[in-house]
Amino acid sequence: MANPIEAQGLRKLYRSRLGGRTVAALDGLDLRVEPGEVFGLLGPNGAGKTTTVKILLGLTLPTSGSARLLGLPAADPASRRRVGYLPEGHRFPGYLTARQTLGIFGRMSGMDATALRARTGALLERVRLERWADVRVRKFSKGMTQRLGLAAALVHDPEVLLLDEPTDGVDPVGRREIRDLLQEEAARGKAILVNSHLLSEIELTCGRVAVLRQGRVAAEGSIEALTAKTSRYRLVATGVDESLLAAFRETGATVERVNGHFDLGARDLDHLNALVDRLRASGGRLQELTPVRSSLEDVFVGLVREGAEKEGGRS
Amino acid sequence: MKALAASIEEVFREASARWTLVAYFALSSLFILVFAAAVNLDIVDGALAGARLFGRSIDLGGRSVDVDQLVLGFESGFSGFLYLVGTFLALFATAHLVPRLQEKGTIDLYLSRPVGRAPLLLSRYLAGLLLAAANLVYLIGAMWLIVVWKTRVLHPRFLLSGVVILFTFAALLAFAFLVGVVTSSTGVSLMTTYALFFFGAVLAAHDRIAAAVSTDASARSIQALYWVLPKTAELGQATVALVAGKAAPDRLAHFNAAGVYGSTALFALVSLAAASWIFSRKDF
């Protein structure tokens, strides 16, 4: 069976208006999202997240490489038959009511009137807009518009969801509801790609993420795997004096005394074991040594900085 | 098909919710009211009453004119005026269709649905034509009914003027779509299309202009432009000739030629094809 979302070697070059400078928005991007998975796309501004989504939807044509949705080329309109999309900063026609909006966009996705009527009521209830069903969209708050956008993306019960900043402008309760809704859809086998700047949301929603940097995937994996890559440990031990700490630092380790324990930074596992040997050799006793898990934000910021340093080194 | 019908419905919903359509129909209503008031003047009433009493002719400056002929002459002359008003109003009401579709935050919503870009664009074009047709039926139909009510003269050829106006509008709208796809600007689409209308009208004198220019190349360019661009002046005359029918003066008869319609239709097709081609390849 074909992957719901697949991109291989995607490149997108933008030429400046006068035809001189060329900028690579994507530079050989590979991506795959499985059924039942909520996949997060992260990256700083200009990393290529939106370009990736736009290529997947056929809104932008790639310079090279291939993008497929449910096994069909992204440029083929039929590939979007089972795809729902929530764009960032979307502008639904303000003169339509919520019900009319779902009606128009549901029919544009090929739904017939009977199925649409049944689906619209249930969906508006699901995004808590049932009382606003017949109110014009121009009267909606940002959060309500966002929830309507989600309903419009789901109206034809798609197998693939592409969501750009889905919780943008939504209050904390609404955010929680959207997260729950995405988890429910994933549990029903939907493949969901979430593009967001809100790392905490991604951390809570997605099982796997890819961090884009300069048009490429800089890191990819489950959130657990990405945040487990750590070099920092919480150390609790007796018999640690200033001379031992100085000796640790001489080896290149970082060590700080924090509220009754030590925050220890080692290069790798060998370095860590050498530090523990040193502690024991000096008569100290180890009570606790726990890896400190990084947050997704730590990983993200680390990757972005690493990229900026590499870029600086090159220039 | 469902998708395209939804796209057309959306255009109509937009039109009914926005002031442009209200203004479009309000202006048409204003023309109808002014026309109704004009034919209700005492002098018209008196002349028509006299015609009813003393036969089917009216004395105009010592010359006896048959009422039927008078109505026919009036309707054919007035259709020329309607040609100008109808085309301009229709363009004003529909030039935004592409620029508004291409707005950031809007275009993504449409293109992310399983609809090809060219069919999406053509559905908007069709919606524009339907809107204009609805207004023309209202404007011309109402005026025709007023004339029938006032004169008891039934002359259905007047309704044919709507067909030529719609044809001309279709050609100009295709060009407005092309400009709209390229520039995403309603203002630029309107300005360039109105300019095309006037330029096409000026080129009706292509033979005289070509004779007046100094080089052969310029003369050939003028002739080529004439055959490439829509024949807006000729189509206006053709409207008058079509309504007048056999009573049309000889000088107007040749305007209803296949070349006038054919070259204008070709211009529309090429404009629409170019608009679809560019729209299909555009990055959003």
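Since this is a predicted model, take the numbers as computed values, not measurements. In what follows, chains are A, B, ... by sequence order, proteins preceding strands, each numbered from 1.
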Within the supplied structure, the quantity of interest is the number of heavy atoms (other residues, nucleotides, ligands) at a distance under 6.0 Å from [X] [atom1]; does it exceed 12?
X        : atom1 : result
A:Arg32  : CZ    : no
A:Gln8   : CD    : no
A:Arg175 : CZ    : yes
B:Phe199 : CZ    : no
B:Phe25  : CZ    : yes
A:Trp132 : CH2   : no

(request) Using the side chain to side chain donor-acceptor pair (under 3.5 Å) rule, collect all pairs that involve residues 63-84 of chain A, keeping only residues at least two apart or in two chains. (result) none

Under 4.5 Å from any heavy atom of chain B, what part of [X] do you find: side chain, backbone, both or neither?
X       : value
A:Ile55 : neither
A:Val53 : neither
A:Ala75 : neither

(message) Could you check whether any side-chain heavy atom of B:Glu9 comes within less than 4.5 Å of a side-chain heavy atom of A:Arg107, counting everything from C-beta outward?
(response) yes

(message) Could you check whether any side-chain heavy atom of A:Tyr95 comes within less than 4.5 Å of a side-chain heavy atom of B:Glu10, counting everything from C-beta outward?
(response) yes

(message) Are there residues of residues 109-124 of chain B whose heavy atoms fall under 4.5 Å of chain A's heavy atoms? If so, which?
(response) B:Leu109, B:Tyr110, B:Leu111, B:Ser112, B:Arg113, B:Pro114, B:Val115, B:Gly116, B:Arg117, B:Leu120

(message) Donor-acceptor pair, distance only, cut-off 3.5 Å: does the side chain of B:Asp283 make one with the backbone of A:Leu61?
(response) yes

(request) Would you mind listing every salt bridge (charged side-chain N to carboxylate O under 4.0 Å, His left out) that reaches into residues 126-141 of chain A, with sequence neighbours excluded? (result) A:Arg99-A:Asp134, A:Arg126-A:Glu184, A:Arg126-A:Glu185, A:Arg128-A:Glu177

(request) Please determine, among A:Asp112, A:Leu162, A:Ile104, the option with the most heavy-atom pairs under 4.5 Å with chain B. (result) A:Ile104

(request) Would you give the length of the straight line joining atom CG of A:Leu59 to atom CD1 of B:Ile107, rounded to the nearest 0.5 angstrom? (result) 7.5 Å

(request) Report, by ascending residue number, the residues of residues 84-94 of chain A in heavy-atom contact with chain B at a distance under 4.5 Å; give 'none' if the set is empty. (result) A:Tyr85, A:Pro87, A:Gly89, A:His90, A:Arg91, A:Phe92, A:Pro93

